[in-house]
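First comes the structure, then the notes that go with it.
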Amino acid sequence: MDGKLTLKYLDQTGLSLMLSVGATWFRRGSGQQFKIPTRWGSSGRINLIGTYSLHGREERLEVRELEGTCNGEQVMAYLDTLAADCVPDRLTVVVLDNAPFHKGAKLKEKATAWEKMGLYLRYLPPYAPFLNLIEGVWRTLKGILLPRRCYNSVAELRAALLTGLKILGTRFI
């Protein structure tokens with residue numbers, strides 16, 4: 001890369017006070033399904049939106065904590081921040097998956113304005129989340145850097161999360 005292109009892989013993630021189930025198994029065709037009860041509901045979660053950026057040999061994780069669950073307005077606010085940081089002589093491409101809140105009508109309307117600022121949106125093929133490089137960052141954060149345990153409070157979870165994000169050299173935006 002000649003330094004004229006920055007790729008930013010965007011995605012959301014959530015962390016809960018309870019350990020998440022990594023995998024399950026049921027006999028084929030059994031129609032079995034189960035729900036894991038939580039005593040905290042949505043108040044026991046921290047949701048993040050972030051980008052894993054590649055510019056030349058430089059890698060960077062940029063993150064923002066979300067209020068509640070992710071929606072189109074929050075995605076647009078995040079993209080506004082990225083567009084404001086664009087450098088005029090550098091092409092910045094944000095790679096998104098096909099989540100509904102990544103493709104809303106209001107977001108598409110703003111795309112032209114972002115392009116004038118140097119920020120371009122590109123979408124992964126459907127059903128290809130493995131092509132979104134930030135997924136590996138989220139796996140590292142949740143599976144390696146955060147202690148595998150249940151947390152007693154959101155403040156306790158946030159402290160562990162901030163430690164993990166610090167190790168990754170995260171920039172908060």
One pair to check against side-chain hydrogen bond (donor to acceptor under 3.5 Å, both in side chains): Tyr151 and Ser16. What are the steps and the verdict? CA-CA 8 Å; Tyr151 294 89; Ser16 175; over 6 Å; no
Pair Glu62, Ser53 - check side-chain hydrogen bond (donor to acceptor under 3.5 Å, both in side chains), show working. CA-CA 8 Å; Glu62 302 160 314; Ser53 300; 3.1 Å; yes
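- Interatomic distance, Gln12 CD to Gln74 CD, rounded to the nearest 0.5 Å: 9.0 Å.
- Atoms CD and CG, on Glu135 and Leu124 in that order, are 9.5 Å from each other to the nearest 0.5 Å.
- One N or O on the side chain of Asn47 and one on the backbone of Gly68 form a donor-acceptor pair closer than 3.5 Å.
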With side-chain hydrogen bond (donor to acceptor under 3.5 Å, both in side chains) as the criterion, how do Ser153 and Arg158 come out once you've worked through the C-alpha distance, each side chain's angles and the decisive distance to 0.1 Å? CA-CA 9 Å; Ser153 68; Arg158 183 171 282 111; over 6 Å; no
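- Here the side chains of Tyr9 and Leu96 are not in contact, with every heavy-atom distance at 4.5 Å or above.
- You'll find the side chain of Leu61 stays beyond 4.5 Å of the side chain of Thr51, heavy atoms only.
- Side-chain contact between Phe172 and Glu65: absent, with no pair of heavy atoms (C-beta onward) separated by less than 4.5 Å.
- Using a 4.0 Å cut-off between charged side-chain N and carboxylate O, Asp97 and Lys103 make no salt bridge.
- The minimum heavy-atom distance linking Phe101 with Gly72 is given by the pair CB-N, 3.5 Å.
- Applying side-chain contact (heavy atoms from CB on, under 4.5 Å) to Trp114 and the options Val94, Thr92, Leu121 leaves one that passes, Leu121.
- Within the 4.5 Å cutoff, no side-chain heavy atoms of Leu141 are placed close to those of Ile167.
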Can you list the steps and then say if Val154 with Ile46 is a side chain to side chain contact (heavy atoms under 4.5 Å, CB included)? CA-CA 8 Å; Val154 172; Ile46 296 174; 3.9 Å; yes
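- Between Glu115 and Lys110 there is no salt bridge, since no side-chain N of the basic residue sits under 4.0 Å from a carboxylate O of the acidic one.
- The distance from atom OH of Tyr123 to atom CG of Asn98, rounded to the nearest 0.5 Å, is 8.0 Å.
- By the 4.5 Å heavy-atom criterion applied to side chains, Leu48 and Leu15 are counted as neighbours.
- A cation-pi geometry, defined here as NZ or CZ lying under 6.0 Å from the six-membered ring centre and within 45° of its normal, does not hold between Lys8 and Tyr52.
- Scanning both residues, Ala160 and Pro147, for their nearest heavy atoms gives CB-CD, 4.2 Å.
- Side-chain contact of Arg64 with Thr81: a donor-acceptor pair under 3.5 Å is present, judged by distance alone.
- Heavy atoms from other residues, nucleotides or ligands lying under 6.0 Å from CD of Glu67 number 12 at most.
- Residues meeting the salt bridge (charged side-chain N to carboxylate O under 4.0 Å, His left out) test with Glu59, sequence neighbours left out: none.
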